[in-house]
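Worksheet: the structure to be examined is printed underneath.
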Amino acid sequence: MDVSQAKQEHLLALKVMRLTKPTLFTNMPVTCEDRDLPGDLFVRLMKDDPSTVKGAETLILGEMLTLPQNFGNIFLGETFSSYISVHNDSNQVVKDILVKADLQTSSQRLNLSASNSAVSELKPERCIDDVIHHEVKEIGTHILVCAVSYTTQTGEKLYFRKFFKFQVLKPLDVKTKFYNAETDEVFLEAQIQNITTSPMFMEKVSLEPSMMYNVTELNNVSAGSDSESTFGRMSYLQPLDTRQYLYCLKPKPEFAEKAGVIKGVTVIGKLDIVWKTNLGERGRLQTSQLQRMAPGYGDVRLSLELIPDTVSLEEPFDITCKITNCSERTMDLVLEMCNTRSVHWCGVSGRQLGKLSPSASLSIPLKLLSSVQGLQSISGLRLTDTFLKRTYEYDDIAQVCVVCPYTSPES
């Protein structure tokens, strides 16, 4: 990992080390039964081992901590920390020492040095120490460039650099799906998979909505006055495990009646994910703005505000339809009701609804009945704009369960 440009002996030595949390020491316990040849030898050895847990010597995890033996993995969203030390190995006093640390990514070069001012002098066997931190926001190859310049006692100015190359990996795989409801509600399903090799504690997974929406999390179950996560109290995500999070977005009241505005909104918001790994190391990942495909309502949108779940066979029932002008012009609408094989409308067809301004809505109560049992589709509504002589037909608006009230239960 270390590639040095220096080809001559320098008075100063540069050391760069990554700062990470230690890990718990692991044992490989070996046991046997008392009647076996070793007897209790293995048990006595494990009890004498200072790294084992007293009273639980057969546990794999011990009481000691292990310092990192290699550079390890760096994941997107984590904080990269490094210790930089410049030591004077000579017997001379070195002057005007300037230590600079830059991080080169595929798209930019960042200065990570805490101070850009030079140290006036450095005596023999003394050192200059610095700790740098950087929240990693890009995946791929990163190069830490450490440069040291100084002046010798004879006035000669010297300079050398060292390069430290490492890869930033992707910790999570995030997939999203959007579902547009009959109303202006939008449901977001987020699938999050842990693609690292160690467990994660999911501290927070939230959705920050855009300015036109309010969000409701659907990841908790109410138990009386308390609310418990659907994933339980210990929110751990094992390697390669996937979780699904669900959110409901509703337009804010000031935008709810502006059908034309809501229709064209594609930006929903962004996910904010916070997790912890080994000994509480924290990582955070924010997605870019999530976008959905704008629903194609056409010029006129017809939706149901009120409909019963179950109705009786051949008995009239009421529904409430909401008609919204999604165009940028005023319409003069006429409502026609056409019977189907199973659904029969009650009332006068060809009803004048009057003029409807752009983004305006109109609620209409209607009555109908079904002549066929089972799950029936409500169809047969037609709207005509008399200004442009344009007709809009609506089939499969909703479904209703039709039961026969005269059928007696089997004994």
Side-chain angles (χ1 to χ4, degrees), residues 1-8 10-23 67-89 94-123 125-151 157-172 196 198 200 203 270 272-288:
M1 185 187 72
D2 183 354
V3 180
S4 177
Q5 284 189 342
K7 295 182 179 180
Q8 64 182 88
H10 282 275
L11 304 180
L12 302 181
L14 172 66
K15 293 183 179 180
V16 178
M17 292 172 283
R18 184 190 173 195
L19 297 178
T20 58
K21 297 283 184 71
T23 57
L67 295 177
Q69 301 299 310
N70 51 42
F71 190 79
N73 293 324
I74 299 179
F75 293 100
L76 182 69
E78 294 182 344
T79 299
F80 169 70
S81 300
S82 183
Y83 168 72
I84 299 175
S85 178
V86 176
H87 187 266
N88 187 352
D89 289 343
V94 179
K95 298 181 179 180
D96 301 328
I97 306 97
L98 179 62
V99 182
K100 187 178 180 182
D102 291 341
L103 186 63
Q104 177 71 55
T105 70
S106 58
S107 63
Q108 59 183 334
R109 189 180 181 114
L110 303 169
N111 181 17
L112 305 184
S113 301
S115 174
N116 291 321
S117 59
V119 178
S120 59
E121 66 175 24
L122 185 63
K123 296 180 179 180
E125 302 302 326
R126 296 295 180 89
C127 60
I128 300 173
D129 300 324
D130 191 14
V131 177
I132 57 175
H133 303 281
H134 173 67
E135 184 179 347
V136 182
K137 298 181 179 179
E138 295 182 42
I139 59 174
T141 303
H142 287 56
I143 302 176
L144 180 63
V145 183
C146 297
V148 180
S149 62
Y150 61 96
T151 304
K157 293 184 178 181
L158 298 177
Y159 170 84
F160 68 93
R161 292 188 301 176
K162 284 190 177 182
F163 299 87
F164 302 87
K165 185 178 179 180
F166 59 91
Q167 295 288 332
V168 174
L169 307 177
K170 186 179 176 183
L172 300 171
T196 70
S198 59
M200 286 184 178
E203 185 174 291
K270 57 185 178 181
D272 187 13
I273 306 169
V274 180
W275 69 91
K276 289 182 178 179
T277 54
N278 178 40
L279 292 182
E281 284 192 270
R282 193 169 181 265
R284 182 182 182 185
L285 186 65
Q286 278 192 329
T287 64
S288 56

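It should be emphasised that the depicted structure is a prediction, and the values quoted were computed from it without experimental measurement.
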Can a donor-acceptor pair be found, under 3.5 Å and without considering hydrogens, that links the side chain of Asn88 to the backbone of Leu122?
yes
Could you walk me through whether Ser82 and Leu144 satisfy the side chain to side chain contact (heavy atoms under 4.5 Å, CB included) test, starting with their C-alpha distance in whole Å, then the side-chain angles of each, then the deciding distance to 0.1 Å, before giving a yes or no?
CA-CA 10 Å; Ser82 183; Leu144 180 63; 4.1 Å; yes
So Ile132 and Ile84, do their side chains get closer than 4.5 Å, heavy atoms only?
yes
Straight-line distance of Cys146 SG to Asp102 CG, nearest 0.5 Å:
8.5 Å
Quick one: do Glu203 and Lys276 make a salt bridge, cutoff under 4.0 Å?
yes
Look only at the side chain of Thr287 and the backbone of Lys270, and say whether a donor-acceptor pair between them is shorter than 3.5 Å.
no
Is Lys21 atom NZ crowded by more than 12 heavy atoms from other residues, nucleotides or ligands, each under 6.0 Å away?
yes
Any side-chain heavy atom of Val16 sitting closer than 4.5 Å to one from Lys162?
no
Please check if the side chain of Thr196 supplies one atom and the backbone of Pro171 the other of a donor-acceptor pair under 3.5 Å.
no
Can the ring centroids of Tyr150 and Tyr159 be said to lie less than 6.0 angstrom from one another?
no
Reported SG-to-CD1 distance for the pair Cys127 and Ile97, which is rounded to 0.5 angstrom:
11.5 Å
Are the side chain of His87 and the backbone of Ser85 linked by a donor-acceptor contact shorter than 3.5 Å?
no
What distance do Arg109 atom CZ and Ile143 atom CD1 have between them, rounded to the nearest 0.5 Å?
9.0 Å
At what distance, to the nearest 0.5 angstrom, does CD of Gln167 lie from CD1 of Ile74?
10.0 Å
Kindly compute the distance separating NZ (Lys165) from CD (Gln104), expressed to the nearest 0.5 Å.
12.0 Å
Shortest non-hydrogen contact from Ala101 to Ser113?
N-OG, 2.7 Å
Can you find a heavy atom in the side chain of Leu172 that is under 4.5 Å from one in the side chain of Met200?
yes
Looking at Lys157 and Asp96, is there a salt bridge between them, counting it only when a charged N and a carboxylate O are closer than 4.0 Å?
no
Are side-chain heavy atoms of Val94 and Leu12 found at a separation under 4.5 Å?
yes
The reported gap from CG in Asn73 to OG in Ser198 (rounded to nearest 0.5 angstrom) is 8.5 Å
Evaluate the side-chain proximity of Leu76 to Leu285: yes if any heavy-atom separation is below 4.5 Å, no if none is.
yes
Flag side-chain contact, heavy atom, 4.5 Å: Arg18 against Phe80
yes
I would like to know whether Arg284 and Asp272 meet side chain to side chain contact (heavy atoms under 4.5 Å, CB included); could you show each step before the answer?
CA-CA 7 Å; Arg284 182 182 182 185; Asp272 187 13; 3.0 Å; yes
Decide side chain to side chain contact (heavy atoms under 4.5 Å, CB included) for Leu14 and Phe160; before the verdict, give the C-alpha distance in whole Å, the side-chain angles of both, and the deciding distance to 0.1 Å.
CA-CA 9 Å; Leu14 172 66; Phe160 68 93; 3.8 Å; yes
Would you say the side chains of His133 and Ser81 form a donor-acceptor pair under 3.5 Å?
yes
Show your working on side chain to side chain contact (heavy atoms under 4.5 Å, CB included) between Leu19 and Val131 and close with a plain yes or no.
CA-CA 9 Å; Leu19 297 178; Val131 177; 3.7 Å; yes
Do Thr105 and Glu138 pair up side chain to side chain, a donor and an acceptor below 3.5 Å, judged on atom types alone?
yes
So do the side chains of Leu110 and His134 get within less than 4.5 Å of each other, counting heavy atoms only?
yes
Do Lys100 and Leu112 have side chains that get closer than 4.5 Å, going by heavy atoms?
no
